[in-house]
Amino acid sequence: MENRFTIGLGKNYNPHDIEKKVKVFWDEENIYGLVKEKLKGGKRFYFLDGPPYPSSPTFHPGTGWNKIIKDSVLRYKRLCGYDVVDTPGYDTHGLPIEVKIEKELGVNTKKDISTKLGIDLFIERCKDFVLKNVDALTRGFKDLGVMMDWEKPYLTLHNSYIENSWQLIKKADEKGLLDIDLRVVHWCPRCETVLADYEVSQEYREITDPSIYVKFPVEGEDRTYIVIWTTTPWTIPANTFVMARSDAPYVKIKYQDEYLIMSEVSAKRLFNEDEYSVVERYSGKDLEGLRYTHPLHDLVEIQKKLHEFHKVVLADKYVNLEEGTGFVHSAPGHGAEDFDVAKTINAPVYSLIDDEGKFTRDAGKYFGMYFREANDEIIKDLESRGYLLRKGRITHRYPLCWRCKTPLLLRATRQWIIRASKLRDLAVSEINKVNWIPRWAHDRIASVVENMQDWVISRQRFWGIPLPIWVCGSCGNRVVVGKVSELVNYSPSMYPPKDLHRPWIDQVELKCPKCNGTMKRVPDVADVWLDSGVAFYASLGDNGLDKFNKLENVDFIVEGHDQTRGWFFSLLRSGLILVGRSPYKTVLVHGFVLDEKGREMHKSLGNFVEVAEIIRKHGRDPFRLFMLSSTVWEDLRFSDKKIQEARRILNIVWNVYSFAKSYMEVDNFKFDRSSIDRYSGILRVEDRWILSRFYSVLKNVNDKLEGYRIHEAVDELVDFMVNDISHLYLRIIKRRVWIEENTDDKLAVYTVLFKILRDWIIAFSIVAPHISEYIYQGFVRSIDENSRSSVNLENWPNIEEYRRFHNDELEKAVDVLRDVHEALLSARMKAGIKVRRPVEKCLVLTSNDHISSSINTVGTLIKELVNCSEVVVDSLSNKDKYMYRDVEPDLARIGREFRGLSSRIVDFIRNNQDLVINELTSKGYIEFSIDGHKVKITRDDVKVLEKFKPDYAFVERDWGYAGITLKVSDELLALGIARELVRRIQVMRKELNLDLLDEIKAVIYVDDQDLVNVIMKVRDYIMNETRSIELNVTSSKGDVSNMDLVREWDIDGALFIIGIVKVK
RNA sequence: GGGCCCGUAGCUCAGCCUGGUGGAGCGCCCGGCUGAUAACCGGGAGGUCGGGGGUUCAAAUCCCCCCGGGCCCA
């Protein structure tokens, strides 16, 4: 049945092959559908996908990481029996897409879209573009093995989504939070729309602007001026007043034949000391109300209305003395601070720039000029009138439009806002109820929330959610619509448009309930943060809010840390407006994918790596393992080498299952659930250990996954497979499974091994689903006939089944075993004795009770691993049995101290070693006389060396010594040679490509009758190990011509000729 | 300018919350294994734990300052 899932010896791990087959299997068998069916009615787990922006058909590796993290969590929850909400989403509206379509169509202005092209065509193109990209992205995500409801994603462009989103605005209106207000906003004159502060901050660039000092004539005083400084001459026509700082020192100076008023520091900065003289001093307060005449009042129409406000206004907050003149020229229509101050003095707010960035009629002479291009003209006019004090250029950081790189301008406009600042306190308390992982994510959102501002929701564009606000042309009454069906209430004869986008929705006119007048929709669309912010209920389809209320809250979201200020915040804000609380319970934050050097990956930097390319090169599972091993909330450095490492780990996984499968298959082993009980009485220490160990691993993995510390859980799983199963357990049990009969002992091993391997691969499927499915099909299903049709239909391993095996002491004993094992191998190495050669005894000298009792527990394993006949634990106090001490005189010291007597003293020490050592250890010194001279030797004059008796090889560790005996009995020698011969014959079998079960006849020739006799003693052993039905050992060169393979071997200097032939 | 994260072996990173002789993998050098074999095992070299100060018997770990990198915001 599982031809396509072949596992076994000789089959290598090939990710591409495996992944392809598994994908076909999942599709053909509709595994996703079966999983959904299985989980239907289970506990709900509401996961909400942060919708990526489909502006391109390919995605960043970071987006891949994002989806893979989500996938691992969802897979875990499904295996645990949760009926998960796994709808993927796409954030489909917004200007970047409009800009792309504009480029495709070759239109440059907003007006072109509405007049020449037609909004309907434009919207259709946006939609087509988005849907095409959504398709491609979905294929890409699916290809990574991400299991979500790809057939039914939520798109913010769906009618149901738009309709759901309207409820937020309606709710805001009901709560009295919706308003229309004059706001100074960043405006892109090319896109002709407002930008949110958030959008502005993304794109500051160094640009060069004029830097001018302008003289504003003081009213009623001859040749006297207030001096201001600006880098935006185009705002001067809109100047309304001048701000000063009350506590700052100002001066009136005489410069040439004029009088200039400015801050004291700026005078010093602008002029040399001998160029001017101070005429009068003021503090800012003294200057309050000082009136001036606008320098271009006769050229600018609107200035006629502004004359009464032309005076000095105190505004300490907004005037800094480090730059400029201490006077800030203020145009309330073009500066946020100016706007604030204007309100306090009831000054009017005029913006002289229109949507396209051109001066309006109010600007008089400058009417029709583009704002930045008017700079030169304005400077020229100021200069010709004698009002320009200085001019220069300055390079400074200036905000550009992040989509089209056009320099922005500040402009007062009427915008729809939601007064979110009123919800600030609620927000602060709500974020404390959310589980932020890691904890510092809370601090980050806190700093965002504490500054929560009113939310400008309107955008003057096309491709977005239309604001559901209708205003009456006659009486100004406004209506906010929360559902399409409500439209009919206002206008019974009306058919709602099939598509709720502009321009179709614009044609819907309602009858004013107050005056029967005609109500038209406001032309704006919504800020895209409204789109994604309402996803917590809008993504749930028709009547999303009702469904959300049933689910209670979003259980889990995870996005990159850039989304703190983005989606996490916008979801929260929308939740507060609509349901008065945080809409999510747990937030996991993940890092960014950077390139190898830690720089951001960008196509423009040339360090961008396509996901498709990674998959082609390494495979999906290695990529997933690599990403899921990385600390979730820290940035991840992309690295080919690390992916290869991940692949190597998967290769070990593969080899373990391949090993297990080969043997279980040969023995026709079948697993059934009761067998673990049947064999529990005869389990060996290693079996009990690995079961206990798996309990501990499972416990840690569960804890870590519940806390979303995914990378730690993955580490734990991988470490268990590589270090506990592959490196230790398999090595220990190898001999037990080589036995040919189906002994209970072997069946017990198989049972333990199978159970653990089955449960492990189920757990691992959340990390590497393809190889896990493949192994589940090729290994688990062929040995356990009661298994499910897919690993995805399994249950998460039940830790309770392992609890009774938990034995902490045993686990610690095996830690000791590892330590001692390593020390003993090191001792063998020191003595130059290969592991293949058996030794008589392994010795452990220690006074550490934990070490000695542990060895008593696991001593049999040491015998197996170190290849010795006996393990002896002895107390450290008995070490004299194995070692002796030498005293080595320190010649330099003794020579210096005793001069002529030195050589005789040295001789004495060397000839009386025992005496010297005893005296030195008991008293710390020894006295004797040479030629009647009294000599006192201390510990410092000699070195005491510990040496081992020649029969032993020891190494030192912090707990004592580990060693082996070097004397070898004839029997052991024979066994050693046997293992050398076995190994060579195995190599030859391999060379002939023999099957595990094939039998051979063999002949061994060696020109030494003694060796022949030795070998004859272990002939049976050799035959058994090599599956030989006949073995001829001889010292006479016989006939080897009918052998399949003949080889010469050099073993410890003796020449052996071995021939083998396969039995047909 | 502010908030947060990171800085540990040649490279990539654990360890830090809860102070007690600095670890792993990769790479390198030497050796071994050979019925998992394009796999595996052992040994070795390699660290001023970014720098400086403080607390403490004891600091990679806690506190303060500084330097470098990143993210978010001004």
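Lettering follows sequence order; numbering is per chain, from 1.
Regarding A:Trp633, its CH2 atom lies at a distance of 12 Å from the C1' atom of B:C5, rounded to whole Å. What separates NE2 of A:His727 from P of B:C33 is a distance of 18 Å, to the nearest Å. Here B:A74 presents its C1' atom at 17 Å from OH of A:Tyr398, a figure rounded to the nearest Å. Put simply, CD on A:Glu450 is 16 Å from P on B:C73, counting in whole angstrom units. Atom CG of A:Asp724 and atom C1' of B:C40 are 16 Å apart (whole Å). B:C71 atom P lies 10 Å from atom CG of A:Asp562, rounded to whole Å. Atom CZ in A:Phe638 sits about 15 Å away from atom P in B:U12, given to the nearest Å. Regarding A:Lys642, its NZ atom lies at a distance of 12 Å from the P atom of B:G25, rounded to whole Å.
For the pair A:Asn651 and A:Ala823, nearest-nucleotide mapping onto RNA chain B gives the more 5' position to A:Asn651.
Among the heavy atoms of the strands, none lies under 4.0 Å from A:Val448. Contacts of A:Thr1026 with the nucleic acid, taken as non-hydrogen atoms under 4.0 Å apart, include base atoms. Contact annotation for A:Arg989: no contact, since no heavy-atom pair falls under 4.0 Å across all strands.
Here B:A24 sits opposite B:U12 as a Watson-Crick or G-U wobble pair (both hydrogen-bonding atom distances under 3.5 Å). Searching all strands for a Watson-Crick or G-U wobble partner of B:U61 with both distances below 3.5 Å returns nothing. Nucleotide B:C4 has B:G70 as its partner under the Watson-Crick or G-U criteria, with both atom distances under 3.5 Å. In this entry B:A36 has no Watson-Crick or G-U wobble partner, no candidate having both defining distances under 3.5 Å.
A gap of 15 Å separates the P atoms of B:G54 and B:A60, to the nearest Å.
Side-chain N/O atoms of A:Asp724 and A:Tyr729 include no donor and acceptor closer than 3.5 Å.
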Could you list the donor-acceptor pairs under 3.5 angstrom formed by side chains in residues 438-447 of chain A, with sequence neighbours left out?
| unit_1 | atom_1 | unit_2 | atom_2 | d |
| --- | --- | --- | --- | --- |
| A:His442 | NE2 | A:Asn432 | OD1 | 2.8 |
| A:Ser447 | OG | A:Arg444 | O | 3.0 |

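Contact annotation: side chain of A:Arg648 to base of B:C26, donor-acceptor pair absent below 3.5 Å. A donor and an acceptor atom sit less than 3.5 Å apart, one in the side chain of A:Ser726 and one in the base of B:A36.
Residue A:Ser662 places none of its side-chain N or O atoms closer than 4.0 Å to OP1 or OP2 of B:A36.
The CZ atom of A:Phe568 sits 13.0 Å away from the CD1 atom of A:Ile431 when rounded to the nearest 0.5 Å.
A:Phe592 and A:His561 have their aromatic ring centers within a separation under 6.0 angstrom.
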